Amino acid sequence: MPISQLTPKLVIFDCDGVLVDSEPTFNRVLHTYLLSTGARLSLVECCNLFVGKSRHDVERYVSDRGLRLPEKWPQDFYNRVLDALRTDVTPIPGAREAVALISSAGIPLCVASNGLLAKMHVTLAQTGLLSWFEGKMYSAYDVGASKPAPDVFLHAAEMNGVAPENCVVVEDSVSGFEAAFNAAMTCFAYVPKTALKPDDLFGARRLTDMADLPKLLGL
């Protein structure tokens with residue numbers, strides 16, 4: 001069936017970089033935090049290394065360089081991130097309109113992220129998106145495996161009673177594309193025209209404007 005005629009039974013959104021533009025703030029706080037451990041990397045390098053990744057990737061990076069994270073990691077770091085996001089987060093252009101149209105068509109929605117539920121609550125509330133996803137947010141922390149493992153996507157599908165082949169994932173990171181591929185789910189890779197296209201989309205179809213998503217779902 002052509003993708004433009006596909007009507008899924010569940011649309012699974014990643015959160016950061018797909019619904020909310022929180023990654024610049026998150027990475028700015030992470031970069032400052034890593035510099036305090038003695039790490040030597042630029043903000044651009046920090047973004048390239050950790051967008052779409054988990055705390056374990058950060059811990060591995062620090063350990064591999066013979067450095068140590070503060071004893072209060074990761075709670076202290078997440079507190080700093082949440083404080084920053086309460087005043088510095090915006091919706092991805094077109095996200096609210098796309099979510100509203102998909103929801104009005106009767107298609108269930110949810111969020112599945114490598115991030116903490118607390119962060120999703122803050123960013124979705126601050127951007128006016130929370131009402132569509134309340135009670136439908138799933139974190140990789142709760143399933144024990146981060147993307148590119150498929151676990152959080154499969155968990156989201158199971159919790160909504162939908163088979164993986166009837167789900168559509170909307171992602172913006174390579175680890176998310178791979179996770180959708182590993183879950184055998186159709187995936188849209190949100191990569192704006194101004195962004196560099198990743199080397200591997202893992203079979204995902206590129207989406208350059210979030211406002212186009214409903215049309216691509218056949219709505």
Side-chain angles (χ1 to χ4, degrees), residues 12-92 95 110-127 129-130 133-156 171-179 182 190 195-196 198:
I12 305 174
F13 289 91
D14 180 42
C15 190
D16 304 308
V18 169
L19 293 172
V20 298
D21 193 16
S22 58
E23 288 178 338
T25 301
F26 182 89
N27 281 289
R28 187 175 68 248
V29 176
L30 177 59
H31 180 238
T32 300
Y33 204 85
L34 288 174
L35 292 180
S36 73
T37 72
R40 297 181 179 180
L41 77 169
S42 68
L43 178 57
V44 171
E45 289 171 328
C46 184
C47 294
N48 291 337
L49 284 168
F50 300 115
V51 167
K53 300 299 179 66
S54 71
R55 59 174 272 198
H56 304 295
D57 296 292
V58 175
E59 292 165 356
R60 191 175 304 112
Y61 173 89
V62 171
S63 177
D64 287 349
R65 283 153 183 78
L67 304 172
R68 294 184 63 183
L69 288 161
E71 289 184 7
K72 293 183 179 180
W73 167 270
Q75 193 57 51
D76 177 55
F77 168 71
Y78 286 128
N79 287 340
R80 296 187 194 189
V81 169
L82 291 179
D83 285 343
L85 289 173
R86 287 188 179 97
T87 59
D88 189 16
V89 62
T90 57
I92 292 294
C110 70
V111 173
S113 170
N114 272 352
L116 292 168
L117 285 174
K119 181 155 75 88
M120 291 183 238
H121 272 282
V122 168
T123 58
L124 293 174
Q126 286 294 108
T127 53
L129 285 158
L130 184 60
F133 298 102
E134 191 76 71
K136 297 288 186 177
M137 295 178 283
Y138 310 103
S139 169
Y141 284 89
D142 298 325
V143 299
S146 300
K147 305 168 191 175
D151 300 47
V152 70
F153 288 151
L154 294 174
H155 176 66
E171 263 287 355
D172 73 315
S173 70
V174 174
S175 60
F177 308 151
E178 185 176 359
N182 291 336
Y190 177 60
L196 183 65

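Quantities reported herein were computed from a predicted structural model and do not represent experimental measurements.
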Measure across [X] and [Y] and return the closest heavy-atom pair with its distance rounded to 0.1 Å.
| X | Y | value |
| --- | --- | --- |
| Ser54 | Ser146 | CB-OG, 3.3 Å |
| Ala140 | Val152 | N-CG2, 3.7 Å |
| Asp14 | Val111 | C-CG1, 4.3 Å |
| Leu43 | Asn27 | CD1-O, 3.7 Å |
| Val29 | Ala84 | CG2-CB, 4.1 Å |
| Leu69 | Glu59 | CD1-CG, 3.8 Å |

Pair Asp16, Ser22: side-chain N/O donor-acceptor within cut-off below 3.5 Å: yes
Run Asp57 and Arg60 through salt bridge (charged side-chain N to carboxylate O under 4.0 Å, His left out) and show every step you take. CA-CA 5 Å; Asp57 296 292; Arg60 191 175 304 112; 3.0 Å; yes
Can you name the ring pair (Phe, Tyr, Trp, His ring centres under 6.0 Å) partners of His31, sequence neighbours left out?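 If we apply the ring pair (Phe, Tyr, Trp, His ring centres under 6.0 Å) test to His31, skipping adjacent residues, there are no hits.
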Check step by step if side chain to side chain contact (heavy atoms under 4.5 Å, CB included) holds for Arg55 and Trp73. CA-CA 10 Å; Arg55 59 174 272 198; Trp73 167 270; 4.0 Å; yes
Over-ring placement of Arg65 relative to Tyr61, 6.0 Å and 45° cut-offs: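 Yes, a cation-pi geometry holds between Arg65 and Tyr61.
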Got a second to check how far [X]'s [atom1] is from [Y]'s [atom2], nearest 0.5 Å?
| X | Y | atom1 | atom2 | answer |
| --- | --- | --- | --- | --- |
| Asp21 | Ile92 | CG | CD1 | 4.5 Å |
| Asn48 | Glu45 | CG | CD | 8.0 Å |
| Ser173 | Lys147 | OG | NZ | 6.0 Å |
| Phe133 | Cys110 | CZ | SG | 8.0 Å |
| Gln75 | Leu82 | CD | CG | 8.5 Å |
| Glu171 | Phe153 | CD | CZ | 4.0 Å |

Kindly determine whether Ser139 and Met120 satisfy side chain to side chain contact (heavy atoms under 4.5 Å, CB included), including the steps that lead there. CA-CA 9 Å; Ser139 169; Met120 291 183 238; 3.8 Å; yes
Side-chain heavy-atom pair [X], [Y] within 4.5 angstrom cut-off:
| X | Y | value |
| --- | --- | --- |
| Pro91 | Leu19 | no |
| Leu85 | Lys119 | yes |
| Leu129 | Val20 | yes |
| Cys46 | Leu30 | yes |
| Leu124 | Met137 | yes |

Can you tell me if CZ on Arg86 sees more than 12 non-hydrogen neighbours from other groups inside 6.0 Å?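 Yes.
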Which donor-acceptor pairs under 3.5 Å do the side chains of residues 33-41 make with protein atoms, sequence neighbours left out?
unit_1: Ser36; atom_1: OG; unit_2: Tyr33; atom_2: O; d: 2.5
unit_1: Thr37; atom_1: OG1; unit_2: Leu34; atom_2: O; d: 2.6

Assess the residue pair Arg28 and Asp88 against the criterion (side chain to side chain contact (heavy atoms under 4.5 Å, CB included)); give the C-alpha distance rounded to whole Å, side-chain angles, the decisive distance to 0.1 Å, and a yes or no. CA-CA 11 Å; Arg28 187 175 68 248; Asp88 189 16; 3.2 Å; yes
Any chance you could lay out the ring-ring contact (aromatic ring centres under 6.0 Å, His included) test for Phe26 and Phe50, step after step, and finish with the verdict? CA-CA 10 Å; Phe26 182 89; Phe50 300 115; 9.2 Å; no
Begin with the C-alpha distance, continue with both residues' side-chain angles, and end with the deciding distance and a verdict on side chain to side chain contact (heavy atoms under 4.5 Å, CB included) for Asp142 and Leu117. CA-CA 9 Å; Asp142 298 325; Leu117 285 174; 3.4 Å; yes
Do the rings of His56 and Tyr141 sit parallel, tilted or perpendicular, given the 30° and 60° boundaries?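 It falls in the tilted class, 30° to 60°.
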For the backbone of Lys72 and the side chain of Asp76, can you confirm whether one donor and one acceptor N or O come within less than 3.5 Å of each other?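 Between the backbone of Lys72 and the side chain of Asp76 there is no qualifying donor-acceptor contact (under 3.5 Å).
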